[in-house]
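Okay, so here's the structure we're looking at.
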Amino acid sequence: MPITPATSTHSSSNGTAEAILLELVDENGTTIGTAEKLAAHQPPGQLHRAFSVFLFDERGRLLLQQRALGKYHSPGVWSNTCCGHPYPGEAPFAAAARRTHEELGVSPSLLAEAGTVRYNHPDPESGLVEQEFNHLFVGLVQSPLHPDAEEIGDTTFVTAAELAERHAKDPFSSWFMTVLDAARPAVRELTGPSAGW
């Protein structure tokens with residue numbers, strides 16, 4: 001079941017509208033409850049579980065996505081390969097694999113855990129707050145992409161040097177560098193020293 005914009009609802013099996021819920025956590029990442037998606041992002045934000053995926057090609061280039069202009073949060077900016085929120089009770093690894101397929105139309109040929117990072121990033125454009133306990137994943141993509149246009153405006157593969165140039169001139173998500181820096185040890189292990197990450 002794809003995650004729709006936070007202002008939308010989806011239908012349950014009995015035909016009733018059902019809010020999208022996120023898993024609230026404490027500072028240790030222990031589940032303490034749930035909250036409706038948009039409500040969890042209202043200032044000052046409620047700490048909730050999230051995930052971020054970084055996929056690389058065989059040349060060690062990172063797959064970036066440009067978030068679709070119709071997104072309720074951070075539209076049109078560049079970010080990591082995929083990010084999102086597990087459903088309550090859903091394992092972060094399963095959620096990361098599910099959303100990567102839903103957004104990009106591809107399943108990673110390898111996906112590995114890369115730690116966690118906790119952050120608080122307000123988005124000045126929308127006024128929403130990313131207060132997240134984020135599970136990080138790195139992996140490989142070896143199949144053609146089939147992006148969902150409602151989720152993704154564009155994609156590109158970049159080297160570490162190309163990313164530095166692009167990050168200096170193009171808008172990126174507020175959380176991008178935080179999650180990339182936290183994932184770098186696993187990224188280096190995956191791509192090797194010559195890739196420059």
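Owing to the predicted nature of the structure, the values given are computational and were not obtained by experimental measurement.
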### Summary
Of all heavy-atom pairs linking Leu136 and Ala182, the shortest is CD1-CB, 3.5 Å
### Message
Does any part of the side chain of His41, heavy atoms only, come nearer than 4.5 Å to the side chain of Leu22, both counted from C-beta?
### Response
yes
### Query
Does any non-hydrogen side-chain atom of Leu111 lie less than 4.5 Å from one of Thr100?
no
### Message
Working to the nearest 0.5 angstrom, can you tell me the gap between Glu102 CD and Ile152 CD1?
### Response
11.0 Å
### Task
Show your reasoning for whether side-chain contact (heavy atoms from CB on, under 4.5 Å) applies to Asn80 and Leu180.
CA-CA 8 Å; Asn80 48 293; Leu180 176 59; over 6 Å; no
### Message
Is it true that His48 and Glu23 share a donor-acceptor pair across their side chains at a distance under 3.5 Å?
### Response
no
## Note on the structure
Closest non-hydrogen contact found for Ser79 with Ser173 is OG-OG, 2.8 Å
### Query
Taking side chain as C-beta onward, heavy atoms only, is Leu62 less than 4.5 Å from Trp197?
yes
### Message
Using the rule that Ile, Leu, Val, Met, Phe, Trp and Tyr join whenever any side-chain heavy atoms are under 4.5 Å apart, tell me whether Phe176 and Val158 fall into a single cluster.
### Response
yes
### Message
Would you say Val129 ends up clustered with Leu38 if hydrophobic residues are merged whenever their side chains have heavy atoms under 4.5 Å apart, either directly or through other cluster members?
### Response
no
### Query
Should we count CD of Gln42 as having more than 12 external heavy atoms under 6.0 Å?
yes
#### Entry: Test item: Trp175 and Cys83 side chains (from C-beta on) under 4.5 Å apart, heavy atoms
yes
### Query
Do Leu63 and Phe157 come within less than 4.5 Å of each other through their side chains, counting heavy atoms only?
yes
#### Entry: Flag side-chain contact, heavy atom, 4.5 Å: Tyr87 against Arg98
yes
#### Entry: Spatial distance of atom OG (Ser174) from atom CG (Leu128) [nearest 0.5 Å]
10.0 Å
### Summary
Connected to Leu47, directly or through other members, by ILVMFWY side-chain contacts below 4.5 Å are Val25, Phe133
### Task
Show the numbers, then the answer: is there a side-chain contact (heavy atoms from CB on, under 4.5 Å) between Arg166 and Leu64?
CA-CA 11 Å; Arg166 183 180 285 265; Leu64 297 177; 3.9 Å; yes
### Message
Does Glu113 have more than 12 heavy atoms from other residues, nucleotides or ligands lying within 6.0 Å of its CD?
### Response
no
### Query
Closest approach of Asp123 and Ser126, non-hydrogen atoms and distance?
OD2-OG, 2.6 Å
#### Entry: Nearest atoms (heavy-atom pairs only) where Ala160 meets Gly196
CB-O, 3.5 Å
### In one Ile/Leu/Val/Met/Phe/Trp/Tyr side-chain cluster, 4.5 Å: Val53, Leu140
no
### Message
Between Asn134 and Ser52, is there a side-chain donor-acceptor contact under 3.5 Å, judged purely by atom types and distance?
### Response
yes
### Steps toward side-chain contact (heavy atoms from CB on, under 4.5 Å) verdict (His85, Glu132)
CA-CA 9 Å; His85 309 94; Glu132 295 187 331; 3.0 Å; yes
## Note on the structure
Ala39 and Gln46 have their tightest heavy-atom pair at O-OE1, 3.7 Å
### Query
Under 4.5 Å between side-chain heavy atoms, hopping through other hydrophobics if needed: is there a path connecting Leu145 to Leu55?
yes
### Message
Is there a continuous path of hydrophobic side-chain contacts, each under 4.5 Å between heavy atoms, that joins Val187 to Val179?
### Response
yes
#### Entry: Min side-chain heavy-atom separation Thr159-Arg61 under 4.5 Å
yes
### Task
Can you see which heavy atom on Cys82 is nearest to which on Gln65, and at what distance?
CA-NE2, 3.8 Å
### Query
Do the side chain of Asn28 and the main chain of Thr30 share a donor and acceptor less than 3.5 angstrom apart?
no
#### Entry: Distance-only polar pair, side chains of Arg49 and Thr31, donor-acceptor under 3.5 Å
yes
### Task
Calculate, to the nearest 0.5 Å, the distance between atoms CG and CD belonging to Asp170 and Glu165 respectively.
10.5 Å
### Task
Applying side-chain contact (heavy atoms from CB on, under 4.5 Å), run through Arg99 and Glu151 and close with a yes or a no.
CA-CA 10 Å; Arg99 279 307 284 163; Glu151 297 287 343; 3.3 Å; yes
### Query
Of Leu163, Thr155, Thr156, which is the lone residue that meets side chain to side chain contact (heavy atoms under 4.5 Å, CB included) with Trp78?
Thr156
### Query
Does some side-chain heavy atom of Phe137 sit less than 4.5 Å from a side-chain heavy atom of Pro92?
yes
### Separation of Ile20 CD1 from Glu36 CD (nearest 0.5 Å)
7.5 Å
